[in-house]
Q: 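This is the structure I have questions about; it appears just below.
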There are 2 protein chains.
Amino acid sequence: MAGKKHETAPVRRGRPRAYDAEAALKQATETFWKTGYSGTSLDSIAAATGMNPPSLYAAFGNKHALYLDALARYWEISLTATREALAQDRPLAEALMLAFDAALSIYFSGKGSARGCFVLGTAVVESVEDVAIRTSVARGLRAIDADFEARFRTARERGELKPGADPEALAVLASATMHSIAIRARAGARRAELREVARKAVSAICGCPVEAN
Amino acid sequence: MAGKKHETAPVRRGRPRAYDAEAALKQATETFWKTGYSGTSLDSIAAATGMNPPSLYAAFGNKHALYLDALARYWEISLTATREALAQDRPLAEALMLAFDAALSIYFSGKGSARGCFVLGTAVVESVEDVAIRTSVARGLRAIDADFEARFRTARERGELKPGADPEALAVLASATMHSIAIRARAGARRAELREVARKAVSAICGCPVEAN
DNA sequence: GGATATTTGTATGATACGTTACAAAAATAG
DNA sequence: CTATTTTTGTAACGTATCATACAAATATCC
């Protein structure tokens, strides 16, 4: 059982690849991010990655499979960011703000102006007709819910919440705030504005004023 | 100044139109709703409306203008539904639930399965690159915010809120709940599930349990 | 009825789409 | 060096795209 298959260069027989699959996936993601799935042509992906169509197909299968890879990669990055923010050893309100700030950092990571959430900008359109994409979106949303809910349960154990507070209900509000920020970012809202939205939401959720910071 | 121009049939000189522009716009909306803006071809719109390409262009200009009409019409319907729900003479929690239920009625109004929010399913993809669409989305989002905020201000005047409650912050949460429901609907969530989300959000927002009803 | 105005239906243009065929290129194996 | 293997680059295939040209159709005006 020695010698995996998709490892980097054990031995390579023919002409060497001119591309880095991981870098190409990143570039493809950028392209989808701008024009969506249906609105993005393979030509534009080829231009962005510097790869030829045959190489793209050899590396990723086809447009749909390539997009699914990009979507999975985005969820991975995005969910990890949320999870790590919430895992910080901070008071509840601060941890929530860290999570929203992490999302904002992703939404405003484009070179030009804001591009908002990748899922909203590419997956949500297709999700109604495309089962694979819909499944991915649904799974991602559940993960966000679960992460927030876990943090609120911890908060209750730590006495950060009023006795009557319901972690599930608060998680719904926190998820909703995340979704709201994602939508507003796509609509061109500025970062400071979205941070205000997050601040107001957190202060209402936690029942305490949150400093602008 | 007698005799408007776009009125219905003062006199009509040539061959009569075979289509009803309003009905066609509705059909076009249905088509965009399913496959998005970029994913919808004029052929499919022609098929859905029963109109020929030249008639479509004569009636609406081009694909982009047609879509903008559809988007405006959707905002009109959707915002009116929210506004009317919130204007009902009901306790705050009930009024909020009415607003969310009104949205759900739209999201689940398709003949087949759920199709979620039209804006999320068509406009949000294009909004980053298309100024006109982005402007429309931004305006709609602001309208939702304003409607909720107005209702919360009324609630404070009526003494439905705790003295310290901040109408703006609560409006952010209510808007966010609306956005969240819209996203989840696109991801295939069932109606009952979304109503639960709304119920939890409302109970957390109002600080009181909300009956399932 | 004849002239005029407007819409319909079809056919088509020019381009863009996703995908693949195929020869040249560039590596290793012996 | 020759044979073999893999990737590249180009060109192309068939289809779909948005949009329009044009004749036939159908109405009103006089």
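Note that the structure is predicted; figures quoted are calculated from it, not measured. To find a chain, count down the sequence lines: A is the first, B the second, and so on, and within it residues start at 1. When reading the values below, keep in mind they use all heavy atoms of this one structure, side chains included, and skip hydrogens, waters and symmetry mates.
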Q: Does B/Ser41 place a side-chain N or O at less than 4.0 Å from the phosphate oxygens OP1/OP2 of D/dA16?
A: no

Q: Hey, does the side-chain of B/Arg13 have a donor or acceptor N/O within less than 3.5 Å of a partner on the base of C/dT4?
A: yes

Q: So which nucleotide from D/dC18, D/dT7, C/dT7 ends up closest to the side chain of B/Lys63?
A: D/dC18

Q: Is the shortest side-chain N/O distance from A/Arg17 to OP1 or OP2 of D/dT7 below 4.0 Å?
A: yes

Q: Below 4.0 angstrom, N of the basic side chain to O of the carboxylate: do A/Lys26 and A/Glu22 qualify?
A: no

Q: By nearest heavy atom, map A/Ser38 and B/Pro53 onto DNA chain C; which one lands nearer the 5' end?
A: B/Pro53

Q: Taking atom C1' of D/dC18 as reference, at what distance in whole Å does atom CG of B/Leu56 sit?
A: 11 Å

Q: Does a side-chain N-to-carboxylate-O contact under 4.0 Å join B/Lys111 and B/Glu30?
A: no

Q: Counting the atoms with a prime plus P, OP1 and OP2 as sugar-phosphate, which does A/Ser44 contact under 4.0 Å by heavy atoms, base, sugar-phosphate, or nothing?
A: nothing

Q: Which sits closer to the 5' end of DNA chain D, A/Pro16 or B/His64, going by the nucleotide each is nearest to?
A: A/Pro16

Q: Are A/Ser175 and A/Arg142 close enough that a side-chain donor and a side-chain acceptor fall under 3.5 Å?
A: no

Q: For the pair made of CE in A/Met51 and P in D/dG9, what is the distance, rounded to whole Å?
A: 10 Å

Q: Is the phosphate of D/dT8 approached by A/Ser55 (side-chain N or O, under 4.0 Å from OP1 or OP2)?
A: yes

Q: Return the value, rounded to whole Å, for the distance between atom CG of B/Asp20 and atom P of C/dT8.
A: 12 Å

Q: One thing to verify: whether B/Glu76 and B/Arg73 come together as a salt bridge, which I'm taking to mean a side-chain N less than 4.0 angstrom from a carboxylate O.
A: no

Q: Who pairs with B/Ser55 by side-chain hydrogen bond (donor to acceptor under 3.5 Å, both in side chains), at least two apart in sequence or on another chain?
A: none

Q: Within this structure, what is the CG-to-P distance between B/Asp43 and C/dG9, rounded to whole angstrom?
A: 15 Å

Q: Measure from CG on A/Asn52 to P on D/dT8 and round the result to the nearest Å.
A: 7 Å

Q: For the side chain of B/Pro54, starting at C-beta, report the closest nucleotide among D/dA21, C/dA21, C/dA24.
A: D/dA21

Q: When the distance from OH of B/Tyr57 to C1' of C/dT10 is rounded to whole Å, what number comes out?
A: 16 Å

Q: Rounded to whole angstroms, how far apart are CG on B/Leu42 and P on C/dA11?
A: 19 Å

Q: Could you give the CG-to-P distance, from B/Leu66 to D/dT17, as a whole number of Å?
A: 15 Å

